[in-house]
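Report on the structure given below.
All heavy atoms count here, side chains included; hydrogens, waters and symmetry mates do not.
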2 protein chains.
Amino acid sequence: MAIVQCVPNFSEGRDLEKIEKIVSPLRGKEGVKLLNYEADKDYNRVVVTVIGEPKAVKNAVLESIGVAKDVIDMNTHKGQHSRFGATDVCPFIPIKGMTMDEAVELAKELGEDVARLYDIPVFLYECAASKPERENLAKVRKGEYEGLDAKFEDSNWAPDFGQAKKHPNAGAIAIGARKPLIAYNINLDTPNIDIASSIAKTIRHSSGGYRFIKAGPVEIPERGITQVTMNLTDYSKTAMYRAFEAVKMEAKRYGVNVMGSEIVGLCPMEALVDCASYYLGLENFSLDKVLETSLME
Amino acid sequence: MAIVQCVPNFSEGRDLEKIEKIVSPLRGKEGVKLLNYEADKDYNRVVVTVIGEPKAVKNAVLESIGVAKDVIDMNTHKGQHSRFGATDVCPFIPIKGMTMDEAVELAKELGEDVARLYDIPVFLYECAASKPERENLAKVRKGEYEGLDAKFEDSNWAPDFGQAKKHPNAGAIAIGARKPLIAYNINLDTPNIDIASSIAKTIRHSSGGYRFIKAGPVEIPERGITQVTMNLTDYSKTAMYRAFEAVKMEAKRYGVNVMGSEIVGLCPMEALVDCASYYLGLENFSLDKVLETSLME
């Protein structure tokens, strides 16, 4: 049986009543499992993780996108995270028994539905992108909600589905397909953001580091520390322990120590088991030797 | 719903056809899931892990014990692992929604059935033991198959079920209930068994080490190395990484290095995730952030 994961991000992180309305279509549906949702007040955004049978997930998420359009007004939305729509992004991640091409197909089906039913213009991104310059979400979203009118004047930015015209309160939406990623932050015992920034540069792909690390610096003023914040975009090729050890190794140059790390959102079991396997030097180990908790449910 | 795990060990590790016959009753039954079986040629033994609804698991394992009795002849059995029966040991481990007392009850029911249907004498061990000196499996099995006639002459060793007389080709069986354990071996880059033995002594409970480690030395002549072989009998209290780091620490005294380690049979996901969490110094982490593979089944 094919299983897809979907991680829609909605532009509401403060009003719990609205958030409940948005996730409500993801509950209690055959073939759909709502795994997690994490609202962030500063970002004013909620990240939802849902998993299940592809068509069932797509249809449930379509409903949530409809609710988000009805309860979110982008004209008054403020938050620290860039965004251009009530449902801002909606990636599909093939998990089991399906190919990336099939996830792309699912993204396109959802895109068609969203444009047709809700009059929201849709951009396809990452593996679903219709041209190379739309692969990178940051480029697609550039200008944010407030810049949509200008964006649509540029014929290069005609949406993949729907009219070249923003929805009056829901803006636009980026729908895509991608590999699973891990949002991973490593804490440094220094308040000096320049050090975090220098370390981030050494490990990230864009400036010469590991192929599947995106990284930047973050200040955590209330703790007097800084973070190297990362997306591990293919943990099967750039492992979590490798990012961790690389940051430790670079921090030495500044006499700085790694204090620990944190995972934001969900983390695939394989990535963690791989870390245990590395640090314990496990021989002859494979995932089928792991007795999962949910096997017992 | 109550879930029990059962890990029967059968005295056949070479003849794949016989092994298939033995595990066959554990396949395709409602409420029973065969998770894993690992045959070891040197030990001439197969360790089977099955999980599911208590009565269903008990009945399926009962069938397998019957098959083992039919296809294994202990009179010609040779192997490096101590053993006294065709089905040598059969522990039940309460996993979910059941108490240890209920697992003990299940062990007793299986014991009665085995004695009545197959004429195999049954010893209850660990939490199911009828007296303190039967708790330790090593003591129950002492003398092995070849010593059974002598054992049954001693009235202290009357079986818990069945006659005080070995089955002519299947010997005896130890049936019990226990907590989940991890069979864990750590490899040392020395052929000197005395060093492995000294290290084992420092970490095991019986000679002053960690409360939930049983350990001993093993030689791996074909690799020119030795092992500290362990049972971690409560990984929630004596963690796997702790055993690993303790062996590393002790090995230093002899100028010996830890080369790696191995897990025999299945390992609960929590134990591995805990290792990843320790080595990565994860903050704010909990098991509900792990995206399990089988959630996707």
Side-chain angles (χ1 to χ4, degrees), chain A residues 1-5 33 35-36 38 49 51-52 93-97 180 182 184-187 240-241 243-245 248 257-297, chain B residues 1-5 33 35-36 38 49 51-52 93 95-97 180 182 184-187 223 240-241 243-245 248 257-297:
Chain A
M1 196 184 68
I3 295 285
V4 77
Q5 187 187 344
K33 187 165 181 158
L35 287 185
N36 177 267
E38 269 182 273
T49 307
I51 199 165
I93 302 115
I95 296 290
K96 201 171 167 152
I182 301 172
Y184 185 49
N185 302 328
I186 298 179
N187 297 331
M240 212 173 359
Y241 70 83
F244 183 74
E245 293 296 327
K248 238 161 79 173
N257 292 304
V258 164
M259 302 172 70
S261 63
E262 63 175 358
I263 293 165
V264 183
L266 295 184
C267 181
M269 185 193 78
E270 305 92 282
L272 292 163
V273 167
D274 182 48
C275 288
S277 179
Y278 167 74
Y279 286 108
L280 300 174
L282 290 182
E283 297 182 7
N284 308 315
F285 191 72
S286 60
L287 277 175
D288 59 11
K289 296 181 78 171
V290 180
L291 188 60
E292 293 179 37
T293 308
S294 58
L295 277 175
M296 303 156 191
E297 273 173 359
Chain B
M1 195 184 70
I3 297 282
V4 77
Q5 186 186 345
K33 187 164 181 159
L35 287 185
N36 176 268
E38 267 182 274
T49 307
I51 200 166
I93 301 114
I95 296 289
K96 200 171 165 149
I182 301 173
Y184 185 48
N185 302 328
I186 297 178
N187 297 331
R223 291 178 64 185
M240 212 172 2
Y241 70 82
F244 184 73
E245 292 296 327
K248 239 160 81 171
N257 292 305
V258 164
M259 303 173 67
S261 62
E262 63 175 358
I263 293 166
V264 183
L266 295 186
C267 182
M269 185 194 77
E270 304 92 282
L272 292 164
V273 168
D274 183 49
C275 288
S277 178
Y278 168 74
Y279 285 108
L280 299 175
L282 290 182
E283 297 182 6
N284 308 316
F285 192 73
S286 60
L287 278 176
D288 58 12
K289 295 182 80 171
V290 181
L291 188 60
E292 293 180 37
T293 309
S294 58
L295 277 176
M296 304 155 193
E297 273 174 359

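Residue contact with chain B, scored on non-hydrogen atoms closer than 4.5 Å, involves the side chain of A:Asn187 exclusively. Of the atoms belonging to B:Glu38, it is side-chain heavy atoms, and not backbone ones, that fall under 4.5 Å from chain A. Residue B:Tyr279 touches chain A through both its backbone and its side chain, counting heavy-atom pairs closer than 4.5 Å. Heavy atoms closer than 4.5 Å to chain B are found in the side chain of A:Asn284, but not in its backbone. With a 4.5 Å cut-off on non-hydrogen atoms, A:Tyr184 touches chain B through its side chain but not through its backbone.
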Apply the test side-chain contact (heavy atoms from CB on, under 4.5 Å) to residues A:Ile263 and B:Leu280: give CA-CA distance (whole Å), side-chain angles for both, the deciding distance (0.1 Å), then the verdict.
CA-CA 10 Å; A:Ile263 293 165; B:Leu280 299 175; 5.6 Å; no
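The two residues A:Glu283 and B:Glu262 make their nearest non-hydrogen contact at O-CB, 3.9 Å. When all heavy atoms are compared, the tightest approach of A:Val290 to B:Leu266 is N-CD2, 4.5 Å. Residue A:Lys289 comes nearest to B:Val264 through the heavy atom pair NZ-CA, 4.3 Å, listed as atom of the first residue, atom of the second, then distance. Here the closest heavy-atom approach between residue A:Ile51 and residue B:Leu291 is recorded as CD1-CD1, 4.3 Å.
Here the straight-line distance linking atom CG of B:Asn36 with atom CG of A:Asp288 works out to 6.5 Å at 0.5 Å rounding.
Ranking B:Cys267, B:Cys275, B:Gly260, B:Pro180 against chain A, the residue ahead of the rest is B:Cys267, based on heavy-atom pairs under 4.5 Å.
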